[in-house]
Amino acid sequence: MNNEMTLSFVAIEENEALARMAMTCFITPLDPTIEEISEFKTIVSEAVTNAILHGYECDGTSIVTVHALIEGNKISMTVSDEGAGIFDVEQAMEPMFTTRPFMERSGMGFTIMESFADNLSVESVIGNGTVVKFEKTFSPVTEVSRMR
Ligand SMILES: Nc1ncnc2c1ncn2[C@@H]1O[C@H](COP(=O)(O)OP(=O)(O)O)[C@@H](O)[C@H]1O
Ligand SMILES: [Mg+2]
């Protein structure tokens with residue numbers, strides 16, 4: 001089954017839950033395992049939180065866009081913002097690197113996303129914004145699981 005969607009919302013913290021729940025509904029037809037759901041939600045949550053917080057400082061007006069494409073049992077996603085951008089992507093992706101230690105950020109967002117997603121990549125330009133791209137392949141839907 002193929003499917004495609006785009007969701008855009010203003011940068012307020014509350015919209016992290018909106019994106020996480022919408023995306024969880026979107027993958028339901030793939031009949032994901034509990035573990036797959038939990039990993040997928042975590043990736044979405046980390047990427048969207050970064051866009052809202054680091055990209056736009058929760059300004060309440062700028063737009064975060066999530067795009068997703070399901071092809072068979074694989075989802076391909078982008079989380080985009082046109083905000084601050086990242087000075088050094090390689091450094092930002094290192095475990096425990098954060099530019100906001102005073103806000104109790106763990107600096108583990110990218111590390112967690114990379115461990116749960118396939119082919120995660122980050123494109124960013126200072127002052128222009130950031131696009132986080134990843135794929136995730138779910139276990140195939142079997143006839144037995146369809147009958148559950
Ligand atoms: N969308 C974004 N826009 C601007 N900067 C970002 C974005 N996403 C991540 N960053 C930068 O990368 C750093 C590391 O991100 P992450 O690993 O999620 O850790 P944390 O969010 O805990 O700081 C952030 O502290 C921030 O400086
Ligand atoms: Mg983060």
Side-chain angles (χ1 to χ4, degrees), residues 1-140:
M1 185 206 69
N2 292 359
N3 198 2
E4 188 167 3
M5 61 155 283
T6 304
L7 178 68
S8 293
F9 47 86
V10 294
I12 55 171
E13 266 180 66
E14 288 79 353
N15 284 338
E16 177 274 322
L18 168 73
R20 179 165 36 85
M21 286 184 233
M23 297 318 302
T24 305
C25 291
F26 189 65
I27 61 162
T28 302
L30 299 183
D31 200 14
T33 64
I34 303 283
E35 191 184 2
E36 286 169 340
I37 295 173
S38 152
E39 290 183 358
F40 180 73
K41 277 179 166 173
T42 305
I43 306 166
V44 173
S45 168
E46 293 290 341
V48 169
T49 300
N50 280 355
I52 293 172
L53 176 68
H54 302 304
Y56 292 133
E57 295 188 343
C58 308
D59 70 6
T61 53
S62 301
I63 303 290
V64 179
T65 299
V66 177
H67 174 262
L69 174 69
I70 290 175
E71 293 166 301
N73 59 341
K74 183 183 87 177
I75 188 162
S76 307
M77 275 188 64
T78 57
V79 176
S80 315
D81 68 70
E82 296 182 344
I86 301 173
F87 175 67
D88 180 342
V89 171
E90 207 177 311
Q91 180 187 45
M93 292 179 79
E94 280 170 16
M96 296 174 66
F97 176 86
T98 179
T99 47
R100 295 173 186 253
F102 45 89
M103 288 182 71
E104 294 178 28
R105 308 297 305 169
S106 67
M108 293 302 286
F110 279 130
T111 307
I112 292 167
M113 285 185 250
E114 275 191 303
S115 76
F116 290 156
D118 306 322
N119 306 320
L120 185 112
S121 65
V122 181
E123 281 170 33
S124 190
V125 177
I126 282 287
N128 272 6
T130 302
V131 180
V132 175
K133 214 178 195 175
F134 66 90
E135 298 171 353
K136 190 165 179 66
T137 301
F138 295 89
S139 51

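All ligand and atom numbering here is 1-based and tracks the order in the structure.
- Of the protein's non-hydrogen atoms, the one nearest atom 27 (O) of ligand 1 is Thr99 OG1, 2.5 Å.
- Atom 12 (O) of ligand 1 has Ala92 CB, 3.4 Å as its closest protein atom, hydrogens excluded (heavy atom only).
- Considering all non-hydrogen atoms of both residues, Thr24 and Lys41 come closest at OG1-CG, 3.4 Å.
- Scanning for side-chain hydrogen bond (donor to acceptor under 3.5 Å, both in side chains) contacts around Lys136 gives Glu39, with sequence neighbours left out.
- For ligand 1, the atoms lying closer than 4.0 Å to a non-hydrogen atom of Gly85 are 4 (C), 5 (N).
- Of all atoms in ligand 1, listed by their number and element, those nearer than 4.0 Å to a heavy atom of Gly55 are 2 (C), 3 (N), 4 (C).
- Near Ala51, meaning under 4.0 Å from one of its heavy atoms, ligand 1 places the atoms 1 (N).
- Scanning all heavy atoms of the two residues, the minimum distance from Ala92 to Phe110 falls at O-CD1, 3.4 Å.
- Protein heavy atom nearest atom 18 (O) of ligand 1, with residue, atom name and distance: Asn50 ND2, 2.9 Å.
- The heavy-atom pair separating Asn15 from Phe9 by the smallest distance is CB-CD1, 3.4 Å.
- Close contacts between ligand 1 and Phe97 involve ligand atoms 14 (C), 19 (O) [criterion: under 4.0 Å to a heavy atom].
- Where the criterion is an N or O separation shorter than 3.5 Å, residue side chain and backbone included, Arg100 fails it with respect to ligand 1.
- Contact detail for Ala11 and Ile52: the closest heavy-atom pair is C-CG2, 3.8 Å.
- For the pair Thr99 and His54, the tightest heavy-atom approach, listed with the atom from each and the gap, is OG1-ND1, 4.4 Å.
- Of all atoms in ligand 1, listed by their number and element, those nearer than 4.0 Å to a heavy atom of Ser106 are 22 (O).
- Atoms of ligand 1 found under 4.0 Å from any heavy atom of Gly107 (numbered from 1 in listed order, with element): 17 (O), 19 (O), 20 (P), 22 (O).
- For CD of Glu13, the number of neighbouring non-hydrogen atoms (other residues, nucleotides, ligands) closer than 6.0 Å is 12 at most.
- In the vicinity of Thr98, heavy-atom distances shorter than 4.0 Å reach the ligand 1 atoms 20 (P), 23 (O), 25 (O).
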List the atom pairs, donor and acceptor, that lie under 3.5 Å between side-chain atoms in residues 72-88 and the rest of the protein, sequence neighbours left out.
residue, atom, partner, partner atom, Å
Asn73, ND2, Phe138, O, 2.7
Asp81, OD1, Gly83, N, 2.9
Asp81, OD1, Thr130, N, 3.4
Asp88, OD1, Glu90, N, 3.2
Asp88, OD1, Gln91, N, 3.1

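- The nearest protein atom to atom 20 (P) of ligand 1, hydrogens excluded, is given as His54 NE2, 3.6 Å; this is a heavy-atom distance.
- Partners of Thr65 by side-chain hydrogen bond (donor to acceptor under 3.5 Å, both in side chains), not counting sequence neighbours, listed by chain and number: Ser8.
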Evaluate Thr111 against Met113 for side-chain contact (heavy atoms from CB on, under 4.5 Å), listing each step before the verdict.
CA-CA 6 Å; Thr111 307; Met113 285 185 250; over 6 Å; no
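- In this structure, atom 1 (N) of ligand 1 lies nearest to the protein heavy atom Asp81 OD2, 2.9 Å.
- Annotation: Glu46 places no N or O atom under 3.5 Å from an N or O atom of ligand 1; distance criterion only.
- Polar contact check, Phe110 against ligand 1: a nitrogen or oxygen pair lies under 3.5 Å apart.
- Each protein N/O/S atom under 2.8 Å from the Mg ion (ligand 2) was counted, for a total of 1.
- The number of heavy-atom neighbours closer than 6.0 Å to CD of Glu123, taken from other residues, nucleotides and ligands shown, is 12 or below.
- Side-chain contact annotation: Glu71 with Asn2, donor-acceptor N/O pair under 3.5 Å absent.
- The two residues Thr137 and Asp118 have their closest heavy-atom pair at N-OD2, 3.2 Å.
- Taking a cut-off of under 4.0 Å to the non-hydrogen atoms of Gly109, the atoms of ligand 1 that pass are 16 (P), 17 (O), 18 (O), 19 (O).
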Test side-chain hydrogen bond (donor to acceptor under 3.5 Å, both in side chains) applied to Glu16 and Thr49, step by step:
CA-CA 6 Å; Glu16 177 274 322; Thr49 300; 4.8 Å; no
